[in-house]
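Along the sequence shown, residues are numbered consecutively beginning with 1.
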Amino acid sequence: MKLDQIFKRGKESSILTIKDGAANFIVSLILMFIFQFIVTIVLMITNVDYNSFVGTVAYSCIVCFINEMAFLVTPLSYSKVVNAHFVKDIKFKKGVSLLQVILLIAIAIFTLVFSSPIANYFVKFILWTGFDISKLSLLSIKTGEELIAALVFIALIPSICEEILYRGIIARSFKSKNVIFAIFMSAFFFAIMHGTPIQLVHQFVIGVVCCVVYFITKSIYAPIIVHFSNNALTLIGGYVEYKMGAEGIVDDWIMIIMIIVGAIALPFFVYLLYKKSTKVQYDKLKSFKENIEDICKFDYELEQEEKDRLAQDELMAKMESAEMAEVLKQEMKTRSSKSGLIGRRALIYAIILGMAIWIIQTLMCYI
């Protein structure tokens, strides 16, 4: 068998690398802007008053939906192109318990409690620098029907599609380096994907939290629950503020208390989730071990003659394969070095592209 055949990625080898994560991020951004361009052309052809339509909930739902389709199509198509099980390996069959769901919702709540005041101070700083927030199409929900539509298209669908891409693919690929790198780099890409400094801080924090709960539970449904809860609470909060006629202004001392409470409660609930998740995994492992012990009660001992024959065969096999093993070792080392170089380059390209788009969109609100 040729070495190229041995190292060729097939359906039995679906190991994600940094290159895969960076490539998925780049492709998702390109597809997102292509889809947005198509929608813009369609709106122009249908003689829709674009300027008045931009600020509506319907427009936000449409744009959000096509963005999420880009995020969903990217890993599916990429897996097909490289002939791997990247999406399937996310393991959708692994669910979460009711207690884990409760803990995840609590984590989402205290993520908001912690990050909202910090994000608010950052937004004030951005506005102080001359950032014109009126150039952004900010969402304003005024009716119950709009709220329901927003919960579906701006809360539920994004929580599924974005978690599949950013946690299920990108974070897992970056984990090939180490967990800390995966958590913060995937959160960085997740934050700049949203396009403006207004969302930068909060999206980075929620990205970190979603990645942590994903790695703890090993279930994609965990970050989906946190993400959806975060989006839903934000939308519902904005709707309630509108109905009550509140301006959403909070005193500084309250925001400081929120930061302190969030900084204490958030790690606490993450720790509880960790304890619960590790207990579930331990119980499953223990049950599996007991079942194996019940099944395997017969004697595996071989007669001495058979053992000697097997030992001789093993020794011969080792002698015959020693030269091939050395060749494979050198080839693996060479390919690993080359793969690492490709991964670093792909990561740099992804950062440059993401930051360039983010900077351009930010500058447009200063001009």
Side-chain angles (χ1 to χ4, degrees), residues 14-29 31-32 64 67-79 84-96 100-101 103-105 107-108 111-112 115 154-194 199-200 202-232 266 269-270 273-274 277 281 347 350-351 354:
S14 301
I15 300 174
L16 282 163
T17 63
I18 292 177
K19 175 197 69 175
D20 298 312
N24 272 269
F25 177 74
I26 293 171
V27 173
S28 68
L29 287 184
L31 285 179
M32 182 178 71
C64 191
N67 288 348
E68 302 314 317
M69 290 305 99
F71 298 153
L72 188 60
V73 168
T74 296
L76 291 173
S77 58
Y78 186 83
S79 296
H85 284 161
F86 292 149
V87 177
K88 185 178 178 180
D89 288 347
I90 295 175
K91 298 179 180 179
F92 292 96
K93 292 183 179 180
K94 183 174 177 56
V96 290
Q100 286 176 314
V101 171
L103 291 173
L104 290 166
I105 293 174
I107 288 170
T111 299
L112 273 173
S115 65
I154 302 176
L156 179 59
I157 294 177
S159 66
I160 297 172
C161 298
E162 290 175 14
E163 292 311 313
I164 289 175
L165 176 62
Y166 281 91
R167 256 58 69 177
I169 300 295
I170 295 177
R172 277 201 305 130
S173 69
F174 291 163
K175 194 179 177 183
S176 62
K177 183 174 178 63
N178 60 64
V179 173
I180 301 299
F181 178 81
I183 291 172
F184 287 99
M185 186 54 69
S186 64
F188 167 75
F189 281 134
F190 181 70
I192 63 174
M193 174 272 294
H194 285 83
Q199 298 190 61
L200 185 66
H202 177 68
Q203 297 300 343
F204 179 80
V205 174
I206 195 68
V208 168
V209 172
C210 284
C211 196
V212 168
V213 300
Y214 177 51
F215 287 159
I216 287 176
T217 61
K218 296 179 175 62
S219 171
I220 193 63
Y221 298 108
I224 288 175
I225 291 170
V226 172
H227 196 153
F228 171 73
S229 300
N230 169 81
N231 290 357
L266 182 56
F269 281 103
V270 170
L273 179 68
Y274 169 77
S277 300
Q281 293 165 17
L347 183 63
I351 293 173

- Message: Donor-acceptor check, side chain of Asp20 to backbone of Thr17, threshold 3.5 angstrom: yes or no?
- Response: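 Yes; at least one donor-acceptor contact below 3.5 Å.
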- Message: I need the minimum non-hydrogen distance between Cys64 and Pro158, along with the two atoms involved.
- Response: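 In terms of heavy atoms, the two residues are closest at SG-CG, 3.4 Å.
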- Do you know which two heavy atoms are closest between Ala191 and Leu200, and how far apart they sit?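 Residues Ala191 and Leu200, closest heavy atoms: CB-O, 3.7 Å.
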Side chain to side chain, [X] and [Y], heavy atoms closer than 4.5 Å:
{"X": "Ile183", "Y": "Lys175", "answer": "no"}
{"X": "Ser176", "Y": "Ile18", "answer": "yes"}
{"X": "Tyr221", "Y": "Leu104", "answer": "no"}
{"X": "Leu29", "Y": "Phe25", "answer": "yes"}
{"X": "Ile169", "Y": "Ile90", "answer": "yes"}
{"X": "Phe92", "Y": "Ile164", "answer": "yes"}
{"X": "Cys210", "Y": "Tyr214", "answer": "no"}

- Query: Does atom OH of Tyr274 have more than 12 heavy-atom neighbours from other groups under 6.0 Å away?
  - Reply: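 At most 12 heavy atoms, drawn from other residues, nucleotides or ligands, come within 6.0 Å of this atom.
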- Message: Please tell me whether His227 and Phe190 form a close aromatic pair, meaning their ring centres lie under 6.0 Å apart.
- Response: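 Between Phe190 and His227, which both carry aromatic rings, the centre distance is below 6.0 Å.
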